[in-house]
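Reminder, nothing fancy here: chain letters follow the sequence lines and each chain counts from 1.
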Amino acid sequence: MRAMVEVIAKALVDDPESVEVHEVEEAGDSILELSVAQPDLGKVIGKQGRTVRAMRTLLVATGAKASKRFVLEILE
Amino acid sequence: MMDNREFEGKSVDHALFLASQDLGVEPEDLEFEVLQQSPGQVRIRVEPLGKGAAKPDPAGAAEEKMAESPRASTPPPRRFDPPQRQPAPREPRRDDAGTQEPWTGTPRYPNLTEMVEALVAASGLDLSVDISSEDNTDRITIEGPDAELLTGSKGEGLSALEHVISKMVLRGLGRRARIRVDSLGYRKRREEELVKMAQRSAEKVKQDGVEVSTEPLNSYERRLVHLALRDDPALMTESEGDGFLKKITIRPRPSGGADG
């Protein structure tokens, strides 16, 4: 799911080069740590957190298929 | 400014709704400023958000408005919330400015189809995508073995895809479009259900003379409910609440005057 978060984030930001997603396994869950250039933070979060919430919703759907829980975190 | 338009309504949402109807855009795609507000009567001035993308330098306009704004001390007030219903964002507020800045760069994808296909491929879901575009709306139909994963829990997955793709289109393709994502006929069924629900509630309001509120609905769903009951002279509908999900209250229209 790293790839999906990366595809989305890279399309949203002004600085796609700075987009990084690290996947960390933790107690069977998969933590996806997204980092973007500081000025792009708002673009991946979205108004009232709507964009990050949408990404989390999509991760629930994909997690259901993979029988896995994906947790998206945005690093500042 | 030519695109600036003023609208009156019973509430900010109502005025915004009328504006969005008149201008043919989603309410969320409008910037607005409350000009005048009294109980049951609100006047707003709206400006379509897409404008910024077409004009390279909207800074002048933004400054001009900032001077009029009562909230000039807060960071870039590109969007004017009515003073009495400041939403309490769960995430830090800095995001407001970020999402509304016009994007000026090179498109990252040659077209919508390739962009959506890249997204679907990366999701690892077994889905096929069909896109048809008309007017300013791109209808994306998703089918395949994994489609049910998106239509579950009230189609949250479809709404999430819609939002993400809209934003990706705005920034990744450098244009603004209304994106509708449907799968397994879910949207159509949901739309029919909503209209039926609205009509049932309307009957109850008329029979019992009470107010009925819907479940929280997004802007597109609210539009359907408002439209379904718009022509009933005995009723009025009003969106109530904060955030992008709001309930609609259906109530008897006061028989005396025009405003409630």
Side-chain angles (χ1 to χ4, degrees), chain A residues 1-23 29-30 32-76, chain B residues 28 78-79 87-101 103-109 115-127 145-153 155-173 242-245:
Chain A
M1 271 334 95
R2 216 184 58 78
M4 183 177 77
V5 173
E6 195 173 313
V7 165
I8 295 172
K10 283 195 170 170
L12 299 182
V13 299
D14 286 338
D15 180 6
E17 316 269 282
S18 299
V19 171
E20 280 183 28
V21 188
H22 292 287
E23 192 162 0
D29 294 341
S30 184
L32 300 169
E33 299 175 336
L34 168 64
S35 58
V36 300
Q38 174 70 25
D40 282 331
L41 267 174
K43 300 192 182 75
V44 292
I45 292 172
K47 192 161 51 127
Q48 292 184 42
R50 220 178 139 183
T51 304
V52 67
R53 197 161 52 215
M55 285 195 271
R56 288 184 176 131
T57 301
L58 292 179
L59 285 172
V60 170
T62 54
K65 176 168 167 121
S67 307
K68 198 166 189 176
R69 206 164 73 94
F70 291 104
V71 179
L72 176 62
E73 284 176 5
I74 296 176
L75 302 185
E76 303 193 21
Chain B
E28 65 190 69
R78 294 279 331 236
R79 183 182 179 109
R90 287 206 193 120
E91 306 274 349
R93 273 200 72 83
R94 59 156 181 271
D95 49 29
D96 265 357
T99 46
Q100 310 217 350
E101 265 167 35
W103 180 81
T104 48
T106 331
R108 317 247 154 93
Y109 293 92
M115 197 185 79
V116 174
E117 276 172 359
L119 176 62
V120 167
S123 75
L125 297 178
D126 195 352
L127 300 170
D146 289 335
E148 278 180 29
L149 294 173
L150 296 171
T151 57
S153 37
E156 265 184 21
L158 295 180
S159 306
L161 256 190
E162 236 166 55
H163 178 77
V164 163
I165 293 173
S166 305
K167 294 296 174 200
M168 288 173 76
V169 167
L170 182 62
R171 303 198 174 272
L173 291 176
D242 287 335
F244 92 102
L245 290 180

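- Side-chain contact between B:L150 and A:L58: present, with at least one pair of heavy atoms (C-beta onward) separated by less than 4.5 Å.
- Summarising the geometry, atom CE belonging to A:M55 is positioned 8.5 Å from atom NE2 belonging to B:H163; distances are rounded to the nearest 0.5 Å.
- Note on B:V120, B:V169, B:L161, B:D126: by heavy-atom pairs under 4.5 Å with chain A, the leading option is B:L161.
- Atom CD of A:E23 sits in a crowded spot, with more than 12 heavy atoms from other residues, nucleotides or ligands closer than 6.0 Å.
- In terms of heavy-atom pairs under 4.5 angstrom with chain A, the leader among B:A160, B:A118, B:S166 is B:A160.
- Ranked by heavy-atom pairs under 4.5 Å with chain A, the list B:S159, B:A121, B:S123 is led by B:S123.
- A search for salt bridge (charged side-chain N to carboxylate O under 4.0 Å, His left out) contacts involving B:E156 returns nothing, not counting sequence neighbours.
- The side-chain hydrogen bond (donor to acceptor under 3.5 Å, both in side chains) check on A:D29 picks up A:R69, with sequence neighbours excluded.
- The heavy-atom pair separating B:L149 from A:A64 by the smallest distance is CD2-CB, 3.7 Å.
- Residues B:M168 and A:V7 are in side-chain contact: their nearest non-hydrogen atoms beyond the backbone lie under 4.5 Å apart.
- Here the closest non-hydrogen pair linking A:A54 and B:V164 is CB-CG2, 3.7 Å.
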